[in-house]
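Every heavy atom of this structure was used, including side-chain atoms; hydrogens, water molecules and symmetry mates were not. Count residues from 1 along the sequence. What you see is a predicted model; the values in this text were computed from it and never measured.
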Amino acid sequence: MPRTTLLTCPHCHTSHEETMIVNRIERHVRCNDCHTDIVAPDEAHCVWCAYGDTPCYIVQNQASCNPVTLRIEH
């Protein structure tokens, strides 16, 4: 499964490759270009699912991007 995603900043619209954290949900990251916090919308699972070209590792395993039904296995 891919562990990287091409993340596109919703503020400055630049894209850069990011390595996804595999054991937790990332709700926000800082843009490398404009240094603005990229925050996942409430209806999105995480920033990778909302603004990346590849869903996060957790969603890839469970095939769901619904934060209400998503279970995180530790």
Side-chain angles (χ1 to χ4, degrees):
M1 276 182 252
R3 292 192 183 195
T4 61
T5 187
L6 188 62
L7 187 70
T8 301
C9 176
H11 306 285
C12 69
H13 306 288
T14 59
S15 298
H16 44 64
E17 189 171 78
E18 290 280 338
T19 300
M20 295 183 274
I21 308 296
V22 298
N23 61 353
R24 71 172 188 252
I25 297 171
E26 256 336 296
R27 296 290 303 160
H28 61 85
V29 295
R30 185 167 295 268
C31 176
N32 292 340
D33 293 326
C34 71
H35 306 288
T36 302
D37 281 337
I38 302 171
V39 180
D42 289 341
E43 66 275 4
H45 173 252
C46 64
V47 292
W48 316 124
C49 290
Y51 301 112
D53 68 345
T54 303
C56 75
Y57 189 72
I58 296 167
V59 168
Q60 290 177 51
N61 279 329
Q62 297 186 14
S64 171
C65 195
N66 183 342
V68 175
T69 61
L70 187 70
R71 294 182 341 266
I72 299 178
E73 309 266 337
H74 295 283

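A donor and an acceptor atom, one from each side chain of H28 and E26, are nowhere located under 3.5 Å apart.
Here the shortest heavy-atom pairing between C31 and T14 reads SG-OG1, 4.1 Å. Nearest approach of V29 to W48, heavy atoms of both residues: CG1-CH2, 3.8 Å. Scanning both residues, I38 and P10, for their nearest heavy atoms gives CG2-CD, 3.8 Å.
Put simply, the side chain of C9 does not reach to within 4.5 Å of the side chain of D33, judged on heavy atoms. Counting heavy atoms from C-beta on, the side chains of V47 and E18 never come closer than 4.5 Å.
For T36, there are no side chain to side chain donor-acceptor pair (under 3.5 Å) partners two or more places apart in sequence or in a different chain. Shown here are the side chain to side chain donor-acceptor pair (under 3.5 Å) partners of T54, two or more places apart in sequence or in another chain: there are none. By the side chain to side chain donor-acceptor pair (under 3.5 Å) test, H11 pairs with no residue at all, sequence neighbours left out.
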Could you go through the side-chain contact (heavy atoms from CB on, under 4.5 Å) check for Y51 and T5 one step at a time?
-> CA-CA 9 Å; Y51 301 112; T5 187; over 6 Å; no
Given side-chain contact (heavy atoms from CB on, under 4.5 Å), test V59 with H45 step by step and report yes or no.
-> CA-CA 9 Å; V59 168; H45 173 252; 3.5 Å; yes
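One finds the OG1 atom of T4 at 13.0 Å from the NE2 atom of H16 (value rounded to the nearest 0.5 Å).
Under the 3.5 Å distance criterion, the side-chain polar atoms of R27 are matched with a main-chain donor or acceptor of A40.
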